[in-house]
Amino acid sequence: MNHSSRFLLRLRRRALQCYDLLLYVMLLALAIAAAMPASSGEAQDDAVHCGKNQSSTVVITK
């Protein structure tokens with residue numbers, strides 16, 4: 001192996017490590033965002049029921 005091929009191999013390995021780290025950070029951020037409670041405005045709204053829109057007054061008024 002010459003110097004340039006070893007350099008490219010190390011560069012590729014470093015890029016893969018950085019990509020793995022980026023994926024772990026994004027996964028951690030997604031888990032934190034999912035675990036956070038809803039904002040106060042969203043938490044105070046009445047729950048909208050699925051199905052026919054006549055079953056919920058919230059759906060009718062919106």
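The basis for the numbers below is simple: all heavy atoms, side chains too, and nothing from hydrogens, waters or symmetry mates. This structure is a prediction, so every number in the text was calculated from the model and none was measured.
- Listed by chain and number, the residues in a side-chain contact (heavy atoms from CB on, under 4.5 Å) with Arg13 are Leu9 (sequence neighbours excluded).
- Considering CG of Leu22 and CG of Leu27, their distance stands at 11.0 Å, rounded to 0.5 Å.
- Taken to the nearest 0.5 Å, the CG atom of Leu11 stands 10.0 Å off from the CG atom of Leu16.
- Using a 4.5 Å heavy-atom threshold, the side chains of Asn2 and Arg6 count as separate.
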